[in-house]
Amino acid sequence: YISKAVYDSQLATAIASFKTQGIDVEKAETLSQIKTQVLNDLISNVLVTEGIAKAGIKPTANEIETQFQAILKQAGGAEALKTELAKNNLTEGQLRENIAKQLAVQTYLLQNIDVKSITVSKDEIAQFYADYSKAQKDSGNKTIPKLADLSDQIKQQITANKQQTLVNNFIASLREKAKVEISQ
């Protein structure tokens with residue numbers, strides 16, 4: 001169940017985010033797309049959360065602490081993290097809760113998608129580089145790194161894109177099996 005209040009809150013956050021990116025959220029078509037995206041994201045989140053609960057996935061305190069320490073280090077220490085949390089209206093407890101949710105989602109998705117099946121060919125890397133180079137030249141950039149210097153990054157990006165496609169397909173399969181009702 002997704003309440004109207006949760007939907008309205010997510011919609012307001014999405015609209016604010018698109019505004020900061022300079023997107024005209026006043027256009028009816030754009031607003032309609034944002035509303036559809038927010039609703040779809042909320043439905044997907046509920047389906048994944050239900051899947052996590054059915055699978056009995058719960059990250060350990062150790063896993064949560066390891067991730068928390070990595071965030072703490074990345075932020076530059078306890079004081080810097082406190083400042084960052086305050087900026088985002090979060091407490092340390094809420095951050096740990098978010099970490100637990102994120103770890104559970106990762107575990108659930110990795111149990112249900114075959115990331116080992118992802119391969120990246122030299123041709124795919126070359127095509128990605130060609131597209132990237134053309135886009136850089138078209139935007140006026142004259143110094144473009146060589147393929148050899150970007151090959152590993154390109155491979156990671158292609159792998160991430162393929163992984164995201166697998167995730168999207170899995171979530172779509174969850175939606176096909178689920179009974180989703182939208183009431184006013």
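In this chain, numbering begins with 1 at the start of the sequence shown. Since we're looking at a predicted model, the values are computed, not measured.
Using a 4.5 Å heavy-atom threshold, the side chains of Gln163 and Leu110 count as touching. Side-chain contact between Thr165 and Phe170: absent, with no pair of heavy atoms (C-beta onward) separated by less than 4.5 Å. Side-chain contact between Lys134 and Lys137 is absent, with no heavy-atom pair separated by less than 4.5 Å.
When the side chains of ILVMFWY residues are joined at heavy-atom separations under 4.5 Å, either directly or via intervening members, Leu103 and Ile113 end up in two distinct hydrophobic clusters. Residues Ile57 and Ile64 are members of separate hydrophobic clusters, defined by side-chain heavy-atom contacts under 4.5 angstrom among Ile, Leu, Val, Met, Phe, Trp and Tyr. Leu166 is connected to Leu47 through a chain of hydrophobic side-chain contacts under 4.5 Å among Ile, Leu, Val, Met, Phe, Trp and Tyr, so both are in one cluster.
Formation of a donor-acceptor pair under 3.5 Å by the Ser17 side chain with backbone atoms of Thr13 is not found in this model. Put simply, the side chain of Asn141 gets close to the backbone of Thr143: a donor and an acceptor are under 3.5 Å apart. No donor-acceptor pair under 3.5 Å is formed between the side chain of Gln69 and the backbone N or O of Thr66. Of the possible donor and acceptor atoms, one in the side chain of Asn112 sits under 3.5 Å from a partner among the backbone N and O of Tyr108.
Within a 6.0 Å sphere centred on CD of Gln74, heavy atoms belonging to other residues, nucleotides or ligands number 12 at most. Other residues, nucleotides and ligands contribute only 12 or fewer heavy atoms inside 6.0 Å of the NZ atom of Lys155.
In summary, the side chains of Asn161 and Gln157 do present a donor paired with an acceptor at a separation below 3.5 Å, with no hydrogens or angles considered. A donor-acceptor contact under 3.5 angstrom links the side chains of Gln127 and Asp131, judged on distance only.
Atoms CG and CD1, on Leu109 and Ile171 in that order, are 6.0 Å from each other to the nearest 0.5 Å. From Leu147, atom CG reaches atom CD1 of Ile154 across 5.5 Å, with rounding to the nearest 0.5 Å. In this structure, Glu84 CD and Leu72 CG are separated by 12.5 Å, a value rounded to the nearest 0.5 Å.
Salt bridge status for Glu65 with Arg96: present, with a side-chain N to carboxylate O gap under 4.0 Å. Salt bridge Lys54/Glu50: absent, no basic N to carboxylate O contact under 4.0 Å. Taking the charged nitrogens against the carboxylate oxygens, Glu63 and Lys58 have no contact shorter than 4.0 Å, which rules out a salt bridge.
The side chain to side chain donor-acceptor pair (under 3.5 Å) search around Gln37 returns Asp41, not counting sequence neighbours. In this view, Glu176 satisfies the side chain to side chain donor-acceptor pair (under 3.5 Å) rule with no residue, not counting sequence neighbours.
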*Apply side chain to side chain donor-acceptor pair (under 3.5 Å) to Gln156 and Asp152, showing your working.*
CA-CA 6 Å; Gln156 286 174 350; Asp152 287 343; over 6 Å; no
